[in-house]
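See structure below.
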Amino acid sequence: MIERIEQLRAEGEGAVAQAATTAALEEVRVRHLGRRAELPNLLRGVADLPPEQRGGVGKAANQARQALEALIAGRTRELEAAELDVRLAADRVDVTLPGYPAQPAGRLHLLTATRREIEDVFLGLGFTILEGPEVELVHYNFDALNHAPNHPARDRTDTFYVRRPEAAGQSPVAGPDAPRSTPSDLVLRTHTSPMQIRAMEAHPPPLYVVVPGRVYRRDSDATHTPQFHQIEGLAVDKDVTLADLKGTLLAFARAIFGDEREVRLRPHFFPFTEPSVEVDVSCFNCTEGHLRDGSRCPLCKGTSWLEILGAGEVDPNVYAHVDDDRYDPEKVSGFAFGLGVERIAMLKHAIPDLRLFYDNDLRFLEQFG
Ligand code: DAH
């Protein structure tokens with residue numbers, strides 16, 4: 001009897017080893033441990049055996065059954081895991097495939113496309129692109145750019161100040177008694193110019209960079225939004241003159257507005273350039289201020305020039321604020337310029353209202369790109 005039990009156990013073990021799927025293993029279980037299988041039947045018949053055999057046979061049959069049960073349970077887990085792996089590999093969904101039905105491809109927003117177009121022009125001229133923080137220290141936004149302590153742009157009515165976390169809960173002080181901004185105060189940068197200083201502190205001369213980014217001012221009407229985009233340019237090297245600035249901006253104007261364009265510089269004032277200029281590009285919409293039918297050009301308002309940006313030679317005082325002795329105004333010189341991305345796009349595409357860029361109206365956006 002005990003020999004038969006050992007034999008059944010060995011047969012069961014062999015069958016488990018042969019089963020290659022969970023379904024085949026289930027069949028093995030039914031055949032060897034099911035209600036009609038021999039081993040369980042043997043166990044059930046133990047009570048009918050002569051008393052001296054009951055102990056030994058019962059024990060052997062029980063052990064054999066437990067051993068087979070454990071073996072099948074272990075092997076089931078192994079086979080289930082393997083089958084899951086196969087299913088996972090076969091059922092894999094490629095979420096990067098286009099949806100069905102296919103959706104029309106999107107396009108770049110006109111401002112993104114314009115920014116990239118401008119970046120490409122300056123990359124072609126040998127400039128590198130840098131980006132910087134939108135939450136900026138007053139030091140970089142105003143002080144290091146040579147703004148007088150009472151410069152109007154510092155006003156809380158013009159500029160968004162950002163409270164430091166440790167000052168949370170304190171009420172902001174506004175009005176005529178508001179304290180003047182201190183260098184460690186934080187603002188949403190009002191222009192990309194603070195990156196002039198940051199770029200010089202991060203890289204020794206010669207330096208040729210353009211810096212695109214968002215800027216913020218407390219302004220809102222048809223030609224002003226509280227957030228807009230600028231591109232700053234900075235070139236610092238030996239003997240960089242206003243003529244280099246003019247040549248660079250002429251190449252830029254022709255690349256963006258057409259090969260026939262000219263540029264002119266008009267004297268202006270910016271705190272961080274000396275001399276400072278405003279730069280106009282010749283109007284691409286008319287001849288000397290007039291359309292073909294003789295009427296006044298609505299784009300340049302009959303002046304035949306379009307103002308596109310501010311620029312100048314970097315003021316020596318600015319180098320003094322750069323934490324790097326290699327920017328010594330006796331040794332280096334350079335030019336800077338700053339332009340509005342919205343303004344360039346509006347001129348180029350005759351867009352009448354700045355707010356159209358931000359309304360998210362597809363009837364407007366789909367006209368471009
Ligand atoms: N930061 C000036 C503004 O926001 C624009 C500007 C003017 C930038 C002259 C310059 C510059 O780099 O040289 O109005």
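Side chains included, hydrogens not; waters and symmetry mates left out as well; all remaining heavy atoms used. When a ligand or atom number is given, it counts from 1 through the structure's own listing order.
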Could you check whether the rings of F122 and F252 sit parallel, tilted or perpendicular, using 30° and 60° as the cut-offs? parallel
Quick one: ligand 1 N/O to protein N/O pairs below 3.5 Å?
unit_1	atom_1	unit_2	atom_2	d
ligand 1	1 (N)	H191	ND1	2.9
ligand 1	1 (N)	S193	OG	2.8
ligand 1	4 (O)	R217	NH2	2.8
ligand 1	4 (O)	Q230	NE2	3.0
ligand 1	12 (O)	Q196	NE2	3.1
ligand 1	12 (O)	E232	OE2	2.6
ligand 1	12 (O)	F337	N	3.3
ligand 1	12 (O)	F337	O	3.2
ligand 1	13 (O)	A336	O	3.1

For [X], look at atom [atom1] and say whether over 12 heavy atoms of other residues, nucleotides or ligands are found less than 6.0 Å away.
X   : atom1 : value
R77 : CZ    : no
E69 : CD    : yes
D91 : CG    : yes

Under 6.0 Å from the six-membered ring centre of Y140 and within 45° of its axis: does the NZ or CZ of R198 meet both?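 Yes, R198 sits over the ring of Y140.
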Are Y319 and H321 close enough that their ring centers fall under 6.0 Å? no
